[in-house]
Protein chains: 2
Amino acid sequence: MSVDDLLRNHGLKKTTTRKQVLDIYLNTDHALAVADVEEALGDGVDRVTLYRTMGTFEEKGLLHKVYDDDGKLKFSLCSSDCSSHQHHDNHLHFHCRKCGKTTCIENVAVPEVEGLEGFDIQDVYMVANGTCKDCIQAA
Amino acid sequence: MSVDDLLRNHGLKKTTTRKQVLDIYLNTDHALAVADVEEALGDGVDRVTLYRTMGTFEEKGLLHKVYDDDGKLKFSLCSSDCSSHQHHDNHLHFHCRKCGKTTCIENVAVPEVEGLEGFDIQDVYMVANGTCKDCIQAA
DNA sequence: TCCTTAATGAAACATTGTTGCATTTAACTT
DNA sequence: AAGTTAAATGCAACAATGTTTCATTAAGGA
Ligand SMILES: [Mn+2]
Ligand SMILES: [Mn+2]
Ligand SMILES: [Zn+2]
Ligand SMILES: [Zn+2]
């Protein structure tokens with residue numbers, strides 16, 4: 001889907017910054033932090049605007065949060081059925097300790113949690129840490 | 001096990017601050033951030049010392065890191081078989097969005113990850129978010 | 001008790017994220 | 001196409017979290 005369509009479908013105004021940010025995510029295969037996007041845009045856009053842009057994208061279901069080993073916040077594109085009402089990104093994530101990249105493993109679902117009687121589970125986050133394919137091959 | 005024994009068994013000097021910090025963790029059933037410990041100690045101990053203390057405890061296998069929903073870093077007591085060589089805290093964690101407490105669910109193991117051929121998985125972190133027992137009862 | 005090394009305190013700094021307010025711009029109305 | 005309005009942006013100031021350097025203090029062994 002195009003950048004313009006994605007923005008319209010999620011009820012967002014079509015601004016220059018939003019189109020640029022979304023374009024970056026569409027052309028990257030791993031999660032990006034605010035600082036990464038800031039660097040990719042090479043100045044010209046205020047840091048605060050990026051924080052607000054990513055926040056809005058997360059609220060509206062365009063991006064979902066990803067945390068790596070060190071609690072560093074990154075964002076990844078959501079699957080097509082995420083909206084402002086609900087996220088459906090219950091897949092595994094992989095964080096490579098060599099290259100630092102965090103990737104969505106869309107085809108591995110987070111397993112159901114058993115044995116937690118008395119708790120109300122809303123969602124489960126799961127991240128595997130280790131060495132990614134690329135870094136193994138490069139070694 | 002006593003505070004003194006724990007410190008000795010992990011090869012750590014017995015200082016006032018370390019004993020106080022460890023005592024707090026032994027008497028709390030949920031994970032605590034550096035700021036939480038600082039507040040519990042009520043001044044007198046420098047913030048930097050606490051960061052270093054918790055860092056050392058983590059290295060030596062006395063505490064393990066816990067991240068909640070917002071990437072906030074907390075620490076929890078490790079199971080008895082953690083050491084500076086390796087952590088064995090592969091259990092589920094629960095983060096309550098009402099009270100904010102993060103708890104170790106020692107009796108629920110993190111499931112093995114299937115379907116990740118080509119990756120080298122070192123460890124897996126898993127946290128369930130929702131409402132805890134206490135907050136459900138209080139409602 | 002003395003000595004050595006590790007632990008601590010203090011200050012300065014870096015990074016990440018938030019808030020208030022003035023200005024600009026997108027989308028809608030006319 | 002111009003005008004209107006609410007949302008988005010830029011800027012400055014602030015807050016929270018974490019790190020680094022260096023002088024001082026304290027722990028544990030000799
Ligand atoms: Mn994902
Ligand atoms: Mn735990
Ligand atoms: Zn890698
Ligand atoms: Zn609760």
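Here is the naming used below: chain letters follow the sequence lines, and residue numbers restart at 1 for every chain.
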Counting heavy atoms from C-beta on, name the nucleotide in C/dG9, D/dT20, C/dT8 closest to the side chain of B/V48.
-> D/dT20
When you get a sec, tell me which of C/dT18, C/dA11, D/dG18 is the closest nucleotide to the side chain of A/R47?
-> C/dT18
Can you tell me the distance, in whole Å, between the [atom1] atom of [X] and the [atom2] atom of [N]?
{"X": "B/K14", "N": "C/dT8", "atom1": "NZ", "atom2": "P", "value": "15 Å"}
{"X": "B/L7", "N": "C/dA6", "atom1": "CG", "atom2": "C1'", "value": "14 Å"}
{"X": "A/D46", "N": "C/dA22", "atom1": "CG", "atom2": "P", "value": "17 Å"}
{"X": "A/E38", "N": "C/dT15", "atom1": "CD", "atom2": "C1'", "value": "11 Å"}
{"X": "A/K72", "N": "D/dA16", "atom1": "NZ", "atom2": "P", "value": "22 Å"}
{"X": "A/D70", "N": "D/dT19", "atom1": "CG", "atom2": "P", "value": "10 Å"}
{"X": "B/E39", "N": "D/dT17", "atom1": "CD", "atom2": "P", "value": "11 Å"}
{"X": "B/K74", "N": "D/dG18", "atom1": "NZ", "atom2": "P", "value": "12 Å"}

Assign [X] to base, sugar-phosphate, or nothing according to its heavy-atom contacts below 4.0 angstrom with the strands shown.
{"X": "A/G44", "value": "sugar-phosphate"}
{"X": "A/T17", "value": "sugar-phosphate"}
{"X": "B/R18", "value": "sugar-phosphate"}
{"X": "A/T56", "value": "nothing"}

For [X] and [Y], test the side chains for any donor-to-acceptor distance below 3.5 angstrom and give the result as yes or no.
{"X": "B/H93", "Y": "B/H95", "answer": "no"}
{"X": "A/H88", "Y": "A/H64", "answer": "no"}
{"X": "B/S84", "Y": "B/K60", "answer": "no"}

Any ion pair linking A/D4 and A/R18 (charged N to carboxylate O, less than 4.0 Å)?
-> no
Using a cut-off of less than 4.0 Å, is there contact between a side-chain N or O of B/T53 and OP1 or OP2 of C/dT8?
-> yes
For residues B/L7 and B/K13, report the shortest heavy-atom separation together with the two atoms involved.
-> CD1-O, 4.4 Å
Quiz item: B/R52 side-chain donor-acceptor pair to D/dG18 base, under 3.5 Å | no
Most 5' of B/Y51 and B/T16 on DNA chain D, judged by nearest nucleotide | B/Y51
Hey, which sits more toward the 5' end of DNA chain C by its nearest nucleotide, B/K13 or A/T15?
-> B/K13
